[in-house]
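I have placed the structure first, in the form of structure tokens, so that the comments after it can refer back to it.
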2 protein chains.
Amino acid sequence: MSSSFHASTVDWLGSWIAAGQVKPGQTIKVEADLGEQLGVSRTVIREAIKTLVAKGMLEVGPKVGTRVLPVRRWNLFDPQVVGWLSRNGLPENFVDDLLDLRRTIEPMAVRWACERATPEQIEAVQLAFNALERAVDSGIDYNRADQAFHECILAASHNQFIEQMVPALGALLAVSFEVSAADPDELRRTLPIHKDMADAIAARDSTRGVWACMTLIDNADLAIKRFYPKVMASKKAS
Amino acid sequence: MSSSFHASTVDWLGSWIAAGQVKPGQTIKVEADLGEQLGVSRTVIREAIKTLVAKGMLEVGPKVGTRVLPVRRWNLFDPQVVGWLSRNGLPENFVDDLLDLRRTIEPMAVRWACERATPEQIEAVQLAFNALERAVDSGIDYNRADQAFHECILAASHNQFIEQMVPALGALLAVSFEVSAADPDELRRTLPIHKDMADAIAARDSTRGVWACMTLIDNADLAIKRFYPKVMASKKAS
DNA sequence: CTACGCTAATCATCATACGATTAACAGTCA
DNA sequence: TGACTGTTAATCGTATGATGATTAGCGTAG
């Protein structure tokens, strides 16, 4: 229900900017006008702007107004920022960079998970896999279950920086689900590979774990590279 | 000069929290009291708090007050957050995680830099190396020059997520400078390896580049693992 | 053409008031 | 007793209006 005026204003402004309604370098409306437009006081607007400044999306100054910063300056690991970006379909170069990042990070995370996972975390990975297995038919739940599965593996790596990447990598998984949703058998086909990864962690077999991880990434890469431009194009049309 | 009340309040609060003056889970003073203590209005305090909430360090709620979140929730790639943390000496597990991250990220970044660097970026790397060479004797400039050198390599990798890691990896370089400053010959000794890395990028020789990078990391790792506990201990004493 | 100072636009800060939410407590009823 | 429910007070949330501070942009003088 009722999130605060502050929260909704931040959200509105954030996705408005992420959607590219104002280009980097341009300034948004003055505080008073914005407040009037959204039906909230200048106080709320100012606090919302402070929030977005803290996330690197805006920059303010007297006389100059409130300016949108280039995407390079945004905190791309911030969950909200990632959320706003993916809401409108990730920009293509964003997806490419994420693919590279995932290729670098995730196999290493699996290796560390094999070495360092606690018994509870191994159990959690197994449970997450079971959920994934159940979700494979029910369509919409699959994406959530897939993200949860990968998230608990990243958590098992015991590296706080890896954990910070969860939202960003999650956005990539969402894309990868979106593009392979056209072909539901794909999900069933990758299920054994997921299981392999989970079992490898339980067995602390990092070689097998890394192999499974890289196989999954290869699959996703291929699917995304083949279909993503099409998805983007169809989104533009709607 | 005079930065704004907002900026100084954010900075004061941020480093106060990062220094562990209030533990995660505890609440800070109520807005009105904090304002009185710092000699600013409640408006300024509230906007500062909003900034820290946006960075994941705080959580607020009516009646419950303003609570410090566990470090795991902080935006560890945020330049300010990293700054506040390193101001008080990075926690040991933080350094360990950064070492792992660097081992994973930087060699790959060098590889990409070899493949993708523009002529301007290759030039920039060379210039940064020259600056490093000049700074090796002048002590205090060395750290800055070293960070600039590594930063422009990371930038040459053409991956926006890698670029977001610059502040965090920079903090590690600062630590690594701190511990090897006891032994100034070390700096001169690693200079040729830096040069090797720069030249490899110019020659687009990723094998040699990655090798140089890993050698540098090995050196830094060793120095940090040997000396960091001592540095921490001596800081505590002061 | 340059340098300097003016002006107006915009944000920064403050003080105050009242509304909204909710944790904690107290009281009620089975 | 123990669980439920209503009350209350602490704290944040929002609004308003006034005044101060900063500076981009322009106009003017040298």
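Here is the naming used below: chain letters follow the sequence lines, and residue numbers restart at 1 for every chain.
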- Donor-acceptor under 3.5 Å (A/T51 side chain, A/E47 main chain): yes
- Query: Mind checking what makes ring pair (Phe, Tyr, Trp, His ring centres under 6.0 Å) contact with B/F129, not counting sequence neighbours?
  - Reply: none
- Message: I'd like to check the side-chain hydrogen bond (donor to acceptor under 3.5 Å, both in side chains) partners of B/D97; sequence neighbours left out, ordered by chain and number.
- Response: A/Q160
- Within residues 9-58 of chain A or reaching into it, pairs that qualify as ring pair (Phe, Tyr, Trp, His ring centres under 6.0 Å) - sequence neighbours excluded: A/W12-A/W16
- Message: My understanding is that only residues two or more places apart in sequence, or in another chain, count here; which of them pass side-chain hydrogen bond (donor to acceptor under 3.5 Å, both in side chains) with B/S15?
- Response: B/R87
- Task: Could you tell me which residues satisfy ring pair (Phe, Tyr, Trp, His ring centres under 6.0 Å) with A/F149, sequence neighbours excluded, listed by chain and number?
- Result: A/H194
- Taking atom P of D/dT14 as reference, at what distance in whole Å does atom CD1 of B/I49 sit? 14 Å
- Query: Residues from residues 23-31 of chain B sitting under 4.0 Å of DNA chain C, heavy atoms only?
  - Reply: none
- Residue list, side-chain hydrogen bond (donor to acceptor under 3.5 Å, both in side chains) with B/W112, at least two apart or on another chain: none
- Among residues two or more places apart or on two chains, list those pairs meeting side chain to side chain donor-acceptor pair (under 3.5 Å) that have a residue in residues 28-41 of chain B. B/K29-B/Q37, B/E31-B/R42, B/E31-B/R46
- Donor-acceptor pair present, B/R42 side chain and D/dG13 base, under 3.5 Å: yes
Taking only N/O atoms, report every protein-nucleotides 3-5 of chain C pair under 3.5 Å with atom names and distance.
none

- Item | Position toward the 5' end of DNA chain D (nearest nucleotide), B/V64 or A/T43 | B/V64
- Please list, chain by chain and in numerical order, all residues satisfying ring pair (Phe, Tyr, Trp, His ring centres under 6.0 Å) with B/F94, sequence neighbours excluded. A/F161
- Message: Under the side chain to side chain donor-acceptor pair (under 3.5 Å) definition, can you give me all pairs with a residue in residues 56-77 of chain B, not counting sequence neighbours?
- Response: none
- Proximity to DNA chain C (any heavy atom under 4.0 Å), residues of residues 54-63 of chain A only: A/V60, A/G61, A/P62, A/K63
